[in-house]
Amino acid sequence: MRMPIPDATIIANRQQLIDKLSTFLTSKQIVIDKTTLRAYESDGLTAYQQRPLLVVLPENTAQVSEILRICCEMNVNVVPRGAGTSLSGGALPLEDGIVLAMGKFNRILDIDYDNRCVVAQSGVTNLAITQAVENRGFYYAPDPSSQIACSIGGNVSENSGGVHCLKYGLTTNNILGVELVLMTGEVIRLGGKYMDPEGYDLLGVITGSEGLLGVVTEVTVKILQAPQCVRAMLLGFPDNESAGQCVAEIIAKGIIPAGIEMMDELAIHASENFCHAGYPLDCQALLIVEIDGPQAEVDELIQVIRDIGKSRGSQYFKVSSSDEERLRIWAGRKAAFPALGDISPDYYCMDGTIPRKQLSRVLTKMTELSKHYGLRVANVFHAGDGNLHPLILFDANKDDEMEKAEEFGADILRLCVEVGGVLSGEHGIGVEKRDLMPDYFSEHDLNQQQRLKCAFDPNGTLNPGKMFPTLHRCAELGKLHVHKGKLPFPELPRF
Amino acid sequence: MQETLLPENQDQFAELARFCLSEKKSLAISGNNSKSGFGYSVQADIDASMSACTGIIEYDPAELVMRARAGTTLNEIKTVLTEQQQQLAFEPETMSALYSNSREDTIAGVFASNLSGSRRFQAGSARDHLLGFNAINGRAELYKSGGNVIKNVTGYDLSKLICGSWGTLSVLTELSFKVLPAPAVIVTAILDDLNTEKALGLLSTLATSPLHASGLALLPGGIKSALESNVTQANCTSLIRFEGSRTSVDARLREFQTSYASQMSVSLLEQDESLQIWKALSSASPVAYHPVIMKLSIPPSLALRMSQLLNEIGNCNWYLDAAGAWFWLGLETTKAVENINRFRSSLAEENGSAILYKAPDEIKNKVGIYSPAQVTLESLRLRIKESFDPANIFNPGRLDYQK
């Protein structure tokens with residue numbers, strides 16, 4: 001992975017930076033020793049490691065602001081880091097940059113049931129928000145698989161999803177406001193405990209910006225009342241195609257389930273052996289369909305879905321009769337990744353989205369690619385919204401398997417784009433898919449995005465080397481090239 | 001009035017933008033000008049409309065996505081969706097009553113103005129449903145953002161910025177947006193005998209109940225006055241909407257009546273009557289007859305205090321929607337400036353927004369269509385405008401809040 005060339009002057013000025021930071025941070029807040037720094041070398045994408053210049057652990061917004069101001073002044077790169085669970089290398093450090101680790105921002109500041117929201121510091125974990133309100137029957141809807149560890153600030157940066165986002169949306173649809181520190185150290189507040197802020201929607205564009213536009217220090221999230229009734233179904237099919245058609249028909253019938261997951265044969269077997277969720281082992285494809293809402297509605301929909309399944313040739317049907325059983329069904333799905341880790345020394349998790357109708361074509365092609373590269377691939381799939389998670393199984397200790405897995409992964413993502421999909425459904429671009437961006441975006445598309453980055457961070461020192469394959473200077477991007485125009489087209493209709 | 005150019009496709013529009021850049025001309029861009037009353041008046045050299053770029057490009061109901069050209073009308077899109085029992089869940093309605101015209105909204109106009117209706121508190125607004133777009137920026141470059149699938153984090157989410165930018169950042173040419181199943185049955189429960197405080201309490205309880213009411217409004221003056229665009233503060237009618245399958249709606253209505261409204265007299269508005277009243281509420285039509293219109297977006301817990309303040313000020317009519325989070329407010333021009341400043345200052349920082357949707361120019365210029373913003377924020381927004389439209393050729397001045 002090619003990263004921007006480190007600036008030797010910055011590295012040489014390390015001590016000067018430490019001195020400046022030490023005027024307002026304690027020694028415990030500045031990590032300088034090599035051993036401790038190692039803990040920050042990678043995030044959830046462990047294939048890449050880089051020891052950072054320093055790690056800084058601020059405790060409040062004023063400190064974040066001062067750190068950024070100093071880094072801005074000294075032209076030091078900054079990599080923000082929440083819980084470090086990014087699967088796309090969003091928090092991969094830079095040799096000449098500090099890691100701004102938000103772990104000490106771990107307090108929930110306000111639980112406001114009247115306004116149906118919670119205000120939390122950005123390092124609070126996703127699950128902790130739900131845990132703080134569940135005694136009153138509330139929850140925070142987005143539930144990425146890493147929710148036990150991932151931070152809400154990281155969720156904002158990555159626009160995290162989860163298995164329930166078909167019905168309840170991504171992070172961007174579930175937050176009301178943030179406090180954000182710009183690279184200059186300026187602190188801004190966007191939104192609050194209300195729905196429609198004035199002017200350009202900065203909150204919307206911050207969400208999913210992968211830590212390139214600002215550092216989130218506080219988040220106001222919506223909380224929802226837990227549904228009256230939740231039940232999960234398992235439907236087994238003899239092939240992927242029938243399962244895919246079943247999903248399309250459920251949605252075409254006007255049903256938006258709380259979640260629809262699909263697993264292929266390899267994933268089913270690995271999960272079942274790993275955690276005994278009770279999955280049928282004689283099917284090629286398994287759907288988990290969760291329905292929630294008022295009791296009467298849930299009862300009605302279970303029947304409809306069962307019938308659709310039958311008409312599409314399902315050979316297995318089970319519906320959860322208790323919450324424990326429902327959670328067991330989900331436990332199998334949630335354990336799919338570690339389960340595959342159990343049958344293969346390494347795996348590489350991909351994250352493209354496709355129009356659902358292309359599923360069969362994509363899976364067929366993926367089987368061909370699997371043969372071509374000689375690597376097995378398992379598929380778990382957020383089937384409702386077309387978000388694929390192919391897991392490529394490999395052994396990093398074998399000669400070139402790691403490279404092969406990367407190439408295989410890139411081919412899968414190009415395939416997603418080719419059939420009308422996109423490079424990432426929820427894991428983000430980071431460093432992982434950075435160099436594939438030109439496969440999806442034109443130069444104009446990318447330049448417009450980078451110009452937006454310049455509006456927030458003109459020196460480009462906030463998380464450089466992520467998302468964009470080529471770094472341009474803002475001055476260059478900002479130049480306006482005017483070509484001689486001619487008016488228009490006498491043939492143009494007017495009134 | 002100067003003539004309006006009607007490019008028929010995105011390439012023609014790009015050519016027009018190139019001309020404007022090289023000749024230093026500015027452009028007033030619209031769809032059908034149905035919401036031209038929003039924002040400061042635009043003084044531009046050339047008028048252009050996207051209304052000739054029309055047509056649905058792609059629609060497969062099972063994918064929950066539609067792609068259409070900018071000038072396709074909202075009505076056409078609704079008709080096509082209705083045939084497949086689908087809808088735009090954010091409930092956009094024409095604002096033509098507000099702006100006293102009968103022009104048809106275009107789909108680009110719906111997103112550029114970030115419209116939303118009474119289902120906002122559950123389903124979000126236009127910005128939550130735009131998946132991707134093609135547009136021409138102020139450098140006359142055609143670019144795209146987002147995609148045609150419902151889950152996507154590839155690149156910055158420029159769709160959010162475009163929604164609510166009122167044609168000041170880029171000119172939308174094609175849009176992909178999420179479409180969702182439409183409910184088979186819609187019933188609205190009406191309660192007439194609660195005072196404002198009790199009604200707000202009930203709406204607030206229902207907003208967090210598992211009954212999943214999809215409309216929670218409070219209408220002083222009652223249904224009839226709302227439909228006739230003649231709301232007064234005579235009494236207080238609460239409206240509670242349930243949508244879904246027949247079985248689901250009936251079950252929830254029963255539970256509503258036994259658990260939340262057992263001592264109250266409840267009347268029901270079935271399908272068409274229901275549609276009619278929520279259409280009126282979503283389009284601000286109950287207060288549309290006022291010369292000055294604002295929308296307050298607030299934390300619901302402030303709703304009672306805000307209603308008291310509004311009644312105390314007098315000379316204004318209002319109704320409340322989105323479970324207490326929205327006030328649509330109609331004012332007379334007399335004392336409007338003083339009153340607007342009063343609402344805004346009562347919404348201390350972070351406590352809400354107060355957008356001026358309609359007013360004579362002199363009032364807009366005095367108080368601004370948006371509340372005064374933090375300086376850092378203001379300059380960031382200006383830099384963002386510049387990053388899309390460096391020569392300020394698109395709708396110059398429309399959102400310029402530094403008047």
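All values reported here derive from a predicted model rather than from experimental measurement.
- Only the backbone of A:Ile354 comes within contact range of chain B, judged by heavy atoms closer than 4.5 Å.
- Heavy atoms of A:Pro197 lying under 4.5 Å from chain B belong exclusively to its backbone.
- The greatest number of non-hydrogen atom pairs below 4.5 Å with chain B, out of A:Leu190, A:Asp112, A:Asp292, A:Ile256, is found for A:Ile256.
- In this structure, the portion of A:Leu477 lying under 4.5 Å from any heavy atom of chain B is its backbone and not its side chain.
- Residue contact with chain B, scored on non-hydrogen atoms closer than 4.5 Å, involves the side chain of A:Cys165 exclusively.
- Ring orientation note: the planes of B:Phe90 and B:His129 are tilted relative to one another, at an angle of 30° to 60°.
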I would like to know whether B:Tyr156 and A:Phe468 meet ring pair (Phe, Tyr, Trp, His ring centres under 6.0 Å); could you show each step before the answer? CA-CA 11 Å; B:Tyr156 294 135; A:Phe468 300 109; 5.6 Å; yes
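- Between chain B and the residues A:Glu443, A:Gln449, A:Gln228, A:Lys222, the largest count of heavy-atom pairs under 4.5 Å involves A:Gln449.
- At a 4.5 Å heavy-atom cutoff, A:Thr220 makes no contact with chain B through either its backbone or its side chain.
- Defined by atom type and a distance below 3.5 Å, a donor-acceptor pair is missing between the side-chain atoms of A:Glu158 and A:Ser160.
- For a residue to count as touching a neighbouring chain, one of its non-hydrogen atoms must lie under 4.5 Å from one of that chain's; by this rule A:Asp196 touches chain B with backbone and side chain alike.
- At a 4.5 Å heavy-atom cutoff, A:Lys167 makes no contact with chain B through either its backbone or its side chain.
- Here the closest non-hydrogen pair linking A:Arg356 and A:Gly384 is NE-O, 3.1 Å.
- Contact of B:Glu58 with chain A is made through the side chain alone, with heavy-atom distances under 4.5 Å.
- Interface remark: of the candidates A:Val298, A:Asn173, A:Leu446, A:Asp351, A:Asn173 forms the most heavy-atom pairs closer than 4.5 Å to chain B.
- Interface summary for chain B: among A:Arg451, A:Glu210, A:Glu297, A:Gln225, the most heavy-atom pairs under 4.5 angstrom belong to A:Arg451.
- Using a 4.5 Å cut-off between heavy atoms, A:His427 touches chain B through its backbone atoms (N, CA, C, O) alone.
- Here the side chains of A:Leu203 and A:Ile175 are in contact, with some heavy-atom distance below 4.5 Å.
- For B:Ser301 and A:Asn115, the side-chain atoms include at least one donor-acceptor pair closer than 3.5 Å.
- Proximity to chain B is absent for every atom of A:Tyr168, based on heavy atoms less than 4.5 angstrom apart.
- Residue B:Thr205 does not touch chain A at all, counting heavy-atom pairs closer than 4.5 Å.
- Ring planes of A:Tyr113 and A:Phe138: tilted class, angle from 30 to 60°.
- Across every non-hydrogen atom of B:Ala17 and B:Ile393, the tightest pair is O-CD1, 4.2 Å.
- Contact count against chain B (heavy-atom pairs under 4.5 Å) is highest for A:Asp385 among A:Asp385, A:Ile223, A:Ile251.
- Of the atoms belonging to B:Asn137, it is side-chain heavy atoms, and not backbone ones, that fall under 4.5 Å from chain A.
- Heavy-atom distances place the side chain of A:Leu170, and not its backbone, under 4.5 Å from chain B.
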